[in-house]
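The next block holds one structure in the form of structure tokens; read it before the comments.
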Amino acid sequence: MSQEIDAQSNFVYAMIQEDLEAGKHDGRVHTRFPPEPNGYLHIGHAKAALLNFGIAQHFGGKFNLRFDDTNPIAEEEEFVDSIIEDLRWLGVDWEDRLFFSSDSFDVKYRFAERLIEAGLAYVCDLSTEQIRNYRGTLTEPGTDSPYRDRSPAENLDLFRRMREGDFPDGARVLRARIDMTSGNVNLRDPVLYRILHATHHRTGDQWCIYPMYDFDHPFTDVLEGITHSLCSIEYSDHRPLYDWVVDHAMELMPEVAQCRSRQTEFARLNMTHMVLSKRKLRRMVEEGHVEGWDDPRMPTISGLRRRGVPPNAIADFQERVGVARSDSTVDMAMFHFCIRNDLETKAHRRMVVLEPIKLIITNWPEDSVERVELENIPNDPGAGTREVPFGREVYIEREDFMEDPPRKFHRLSPGEEVRLKGAYAVMCNEVIRDDSGNIAALHCTYDPATRSGNDTSGRKIRGVVHWVSAAHAEPLTVNLYDTLFTEEDPEAAGDGDFTQSINPESLRIRTNAMGEPCICDSPPGARLQFMRKGYFYRDPQRPTSEGIIFNRIVPLKDTWAKIRKKSKK
RNA sequence: UGGGGCGUCGCCAAGCGGUAAGGCAGCGGCCUUUGGAGCCGUUAUCCCAGGUUCGAAUCCUGGCGCCCCAGCCA
């Protein structure tokens with residue numbers, strides 16, 4: 001069905017293939033996904049996690065899940081749990097290799113001491129602001145800290161006292177001794193350790209100094225034997241520092257160093273009609289624009305899960321998007337395609353009328369009920385069939401009837417005929433109105449010769465419309481989700497304030513929807529196609545006491561909407 | 001006036017000196033008891049300008065444009 005996507009045709013796979021051919025790492029491939037447990041994972045993280053996991057699988061290597069938990073102030077257990085849940089749902093498997101950066105704080109401390117002994121690191125007493133001033137600017141070199149030339153012995157003593165808790169937060173830091181004049185600001189004696197009297201979610205109060213990312217991350221890669229350390233493009237400037245740490249780790253910590261890890265950067269995912277940064281997503285939640293991190297409109301993994309998006313669709317999407325180094329913004333349509341593509345052959349069809357209007361078949365005998373058989377999935381006999389009751393009164397979609405139809409409206413209108421899917425053709429004879437003039441019902445007649453499957457009328461009936469027998473209809477609530485933002489680039493509109501382009505119609509609730517009887521058989525968590533409407537997910541998080549609630553995952557392609565839009569122009 | 005990165009069809013993206021893959025979207029058509037799905041067809045000379053070469057998207061030079069970097073965040 002879906003074409004084979006050549007996931008290997010990207011520069012990362014090519015590079016690893018070359019490394020393998022060159023005999024690096026004894027033919028070993030080992031990757032990792034290093035989230036910081038300070039928020040929820042979103043689809044951009046899924047790209048990174050799936051890429052790393054996919055590489056390990058493809059090359060018969062290993063994959064670690066590692067929490068980058070070096071900042072106790074921002075990180076929480078709650079996020080560790082949600083990240084694990086999200087990754088499992090995505091199908092990512094780290095076997096028994098779940099690690100925390102904090103697991104190895106001891107070795108890291110030892111490494112820091114050796115750097116000091118080797119004259120490669122020093123304790124600096126400058127304040128945050130002073131350090132910033134000494135750092136220079138992007139175009140001007142920095143100047144050496146007055147503490148840069150302290151003796152190893154003094155540095156060692158000071159660093160140990162930092163660890164002992166002799167100094168308050170911010171009093172001193174451990175810095176790498178590299179080059180204050182480097183054009184790369186990251187090399188201007190970066191901070192390695194800072195004092196933080198904070199309780200860590202795993203190590204408690206055991207430590208009051210914590211390593212910085214630039215020191216911790218490369219060294220942890222070396223400890224875990226990570227051969228290929230993939231990260232996003234904004235870390236490119238950090239690569240020389242990464243290498244600095246790795247090189248010195250190999251040299252000073254041979255007893256624990258597993259391999260000379262290499263960092264490779266790739267572009268992070270951006271999507272139209274969406275914002276993908278923890279900060280902005282947090283704002284959406286905190287300002288109440290959505291109901292929470294798992295709101296079905298959010299691009300968080302938990303949101304997508306709750307929306308009903310199948311994990312396979314996310315993996316397929318990731319592969320189709322590919323991996324490169326150039327900034328890119330993927331069209332949301334591509335993601336929607338992947339979802340439909342996955343569900344097309346999997347989701348059973350059901351008829352559900354979102355906005356019902358009653359259609360009365362005046363020549364159908366009162367109380368007579370016929371059962372019509374419908375395929376669960378067209379062209380897939382294995383998926384079976386179901387019987388749907390058909391009677392004198394049925395509901396059809398309000399928008400499937402027009403009194404004064406435009407050209408090409410292959411649906412119901414006065415004096416016109418349309419087929420009720422799987423049943424008979426009906427002709428509209430009369431429009432019944434209520435006191436306020438609104439259409440209350442349609443009076444139609446059916447032609448017995450048009451019975452589906454053995455139509456002997458000889459007529460060709462263009463339009464086919466879905467329906468639900470009024471006597472057997474199951475009332476439903478349906479949440480129609482749309483993109484969270486009206487603009488392709490939410491940032492570009494509203495003077496850079498993305499909240500200005502929030503789509504006021506990102507959620508429309510249909511409380512009068514009517515479904516065919518066997519809709520009840522679909523358990524919470526089921527994904528169905530509502531014929532001619534879209535793919536829907538029975539929200540498992542809603543108690544059944546609230547009735548049956550479905551979320552629209554994604555609408556079906558709507559050619560008619562397109563025709564109409566074009567003719568309006 | 002610093003450092004790093006990127007520029008191939010509307011959106012992604014292959015290509016690694018031998019004469020521009022593929023996907024999404026679009027358009028046209030076929031088919032269809034979902035205006036769904038499926039099927040067929042269709043859309044680029046590669047940011048610009050020079051140069052090297054028999055030959056360049058691929059190499060060189062010079063421009064232009066866009067992104068990232070001055071947290072004791074990751």
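First the proteins, then the strands, lettered A, B, ... as listed; each starts at 1.
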query = Can Tyr213(A) be classed as stacking with the base of rA74(B), given a centroid separation cut-off of 5.5 Å and a plane angle cut-off of 30°?
reply =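 Whether judged by distance or by angle, Tyr213(A) falls short somewhere, so it does not stack on the base of rA74(B).
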His410(A)-rG35(B) aromatic stacking (under 5.5 Å, under 30°) =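 Yes; centroid distance and tilt both under limits.
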Any strand: nucleotide that pairs with [N] via Watson-Crick or wobble, under 3.5 Å:
| N | value |
| --- | --- |
| rC59(B) | rG51(B) |
| rU42(B) | rG26(B) |
| rC6(B) | rG65(B) |
| rA21(B) | none |
| rC16(B) | none |

Determine the Euclidean distance between corresponding [atom1] atoms of [M] and [N]; express it in Å to zero decimal places.
| N | M | atom1 | result |
| --- | --- | --- | --- |
| rC6(B) | rA13(B) | P | 13 Å |
| rA21(B) | rG35(B) | C1' | 32 Å |
| rG23(B) | rC47(B) | P | 22 Å |
| rG38(B) | rA74(B) | C1' | 47 Å |
| rG29(B) | rC67(B) | P | 42 Å |
| rC12(B) | rC46(B) | C1' | 16 Å |
| rC48(B) | rG7(B) | C1' | 11 Å |
| rC27(B) | rU43(B) | C1' | 9 Å |

request  = Give a yes or no on whether a salt bridge exists between Asp316(A) and Arg320(A), defined as a side-chain N under 4.0 angstrom from a carboxylate O.
outcome  =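 Arg320(A) and Asp316(A): salt-bridged.
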query = Is the shortest distance from a Lys or Arg side-chain nitrogen in Glu344(A) or Arg349(A) to a carboxylate oxygen in the other one below 4.0 Å?
reply =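 Looking at Arg349(A) together with Glu344(A), the answer is yes, because their closest N to O distance falls below 4.0 Å.
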It should be established whether [X] places a side-chain nitrogen or oxygen under 4.0 Å from OP1 or OP2 of nucleotide [N].
| X | N | result |
| --- | --- | --- |
| Arg194(A) | rA74(B) | yes |
| Thr70(A) | rA74(B) | yes |
| Ser326(A) | rA13(B) | yes |
| Arg462(A) | rU32(B) | no |
| Arg325(A) | rA14(B) | no |

request  = Report the glycosidic orientation of rG50(B): syn if within 90° of 0, anti in every other case.
outcome  =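 Here rG50(B) takes the anti form, which means its glycosidic angle is more than 90° from 0.
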Under 4.0 Å, counting only non-hydrogen atoms across every strand here, what does [X] touch: a base, just sugar-phosphate, or nothing?
| X | value |
| --- | --- |
| Thr139(A) | base |
| Asp68(A) | sugar-phosphate |
| Leu269(A) | nothing |
| Val323(A) | sugar-phosphate |

message = From CZ of Phe530(A) over to P of rU34(B), roughly how many Å is that when rounded to an integer?
response =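 Spelled out: CZ on Phe530(A) to P on rU34(B) is 19 Å.
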Where do N or O atoms of nucleotides 56-59 of chain B meet protein N or O atoms at under 3.5 Å, pair by pair?
none

Contact residues, residues 165-179 of chain A to RNA chain B [heavy atom, < 4.0 Å] =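 Correct list: Gly170(A), Val173(A).
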Is the Lys NZ or Arg CZ of [X] less than 6.0 Å from the centre of [Y]'s six-membered ring, within 45° of the axis?
| X | Y | value |
| --- | --- | --- |
| Arg163(A) | Tyr109(A) | yes |
| Arg202(A) | Phe100(A) | yes |
| Arg172(A) | Phe167(A) | yes |

query = Looking at Tyr213(A) versus Tyr235(A), is the centre-to-centre ring distance below 6.0 Å?
reply =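 For Tyr213(A) and Tyr235(A), the ring centres are under 6.0 Å apart.
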Please check if the side chain of [X] supplies one atom and the backbone of [Y] the other of a donor-acceptor pair under 3.5 Å.
| X | Y | answer |
| --- | --- | --- |
| Glu76(A) | His201(A) | no |
| Arg419(A) | Ala423(A) | yes |
| Asp179(A) | Arg188(A) | no |

ask   = Where each residue is assigned the nucleotide of RNA chain B containing its nearest heavy atom, which of Leu138(A) and Arg349(A) is assigned the position nearer the 5′ end?
value =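 Closer to the 5' end of RNA chain B: Leu138(A).
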ask   = Does Ile233(A) or Pro211(A) map to a spot on RNA chain B nearer the 5' end, using the closest nucleotide for each?
value =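 Per heavy-atom nearest nucleotide, the more 5' residue is Ile233(A).
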request  = Can you spot which of Arg135(A), Arg148(A), Arg177(A) makes a salt bridge (Lys or Arg N to Asp or Glu O under 4.0 Å) with Asp189(A)?
outcome  =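 That would be Arg148(A); it is the only one of Arg135(A), Arg148(A), Arg177(A) passing the salt bridge (Lys or Arg N to Asp or Glu O under 4.0 Å) with Asp189(A).
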task = Classify the ring geometry between His45(A) and His42(A) as parallel (under 30°), tilted (30 to 60°) or perpendicular (over 60°).
result =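 Ring orientation of His45(A) relative to His42(A): tilted.
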